[in-house]
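Keep in mind that this is a model prediction, so the values were computed, not measured.
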Amino acid sequence: MAESNAIPVQDENNCPIKVDHDRKRRQFEVRLNGSHERAVLLYDYVGKKTIDLQHTEVPDAYRGRGIAKLMAKAALDFVVEEDLRAHLTCWYLQKYIKENPLPHYVERIQQRAPTDFQLR
């Protein structure tokens, strides 16, 4: 079932941007321009209490408006509220944590061991 959080940022029509959490599809979503376009943040469970925040995508026409930032905040708030740990595969989430190193977020981030590819 999708949950909704109205966040006090407006779109081009001066309407609040709403981040929906679809637990079944394991994604956070913002519907843009009605319901035709959407921005998404995808995650998956990699353990019983650990999720991997994998990918964030905002259509080109909507970039630079803070939409990814709102989805990142919603995803990290979910991690805190559900008492989870998180891996940050998504580069945007890594950037968000560096720019917003809030202790209640940072303490929940698990660093992954480097892969052979990363060591080369």
Does Y45 form a side chain to side chain contact (heavy atoms under 4.5 Å, CB included) with D52? I'd like the steps, not just the answer. CA-CA 6 Å; Y45 280 87; D52 183 10; over 6 Å; no
Joint hydrophobic cluster, L42 plus I51, side-chain heavy atoms closer than 4.5 Å: no
Does F28 share a hydrophobic cluster with L84, counting links as ILVMFWY side-chain heavy atoms below 4.5 Å and allowing steps through other members? yes
For the hydrophobic clusters of this structure (ILVMFWY residues joined by side-chain heavy atoms under 4.5 Å, transitively), does one cluster hold both V80 and L88? yes
Distance col, row M71:CE vs D20:CG, nearest 0.5 angstrom, shows 11.5 Å
Is there a donor-acceptor pair under 3.5 Å between the side chain of R85 and the backbone N or O of E107? yes
To the closest 0.5 Å, what do you measure between NZ (K18) and CG (L70)? 13.5 Å
Apply side chain to side chain contact (heavy atoms under 4.5 Å, CB included) to the pair R23 and E82, showing each step before the final yes or no. CA-CA 12 Å; R23 289 175 183 254; E82 296 294 320; 3.3 Å; yes
Working to the nearest 0.5 angstrom, can you tell me the gap between Q110 CD and T50 OG1? 4.5 Å
Does any N or O in the side chain of E29 come within less than 3.5 Å of the main-chain N or O of H21, such that one atom is a donor and the other an acceptor? no
Just so I know, are the side chains of I17 and L32 near enough to count as touching, which here means a heavy-atom distance under 4.5 Å? no
Same apolar cluster: Y105 and I109, side chain cutoff 4.5 Å: yes
According to salt bridge (charged side-chain N to carboxylate O under 4.0 Å, His left out), does anything in residues 42-51 pair up with another residue at least two apart or in another chain? List the pairs. R26-D44
Rounding to 0.5 Å, atoms CD (Q27) and CD (Q54) come to a distance of 11.5 Å
Main chain of L102, side chain of N100: is a donor-acceptor contact present, judged purely on distance under 3.5 Å? no
Close side-chain approach of K69 and Y92, heavy atoms under 4.5 Å: yes
Are the side chain of R63 and the backbone N or O of V58 linked by a donor-acceptor pair below 3.5 Å? yes
According to a hydrophobic-cluster definition based on side-chain heavy atoms being under 4.5 Å apart (Ile, Leu, Val, Met, Phe, Trp, Tyr only), do V79 and V40 belong together? no
How many angstroms lie between atom CZ of F78 and atom CG of L53, to the nearest 0.5 angstrom? 9.0 Å
Which value, rounded to the nearest 0.5 Å, describes the distance between K95 atom NZ and T56 atom OG1? 11.0 Å
So, for Y43 and H87, is the gap between ring centers shorter than 6.0 Å? no
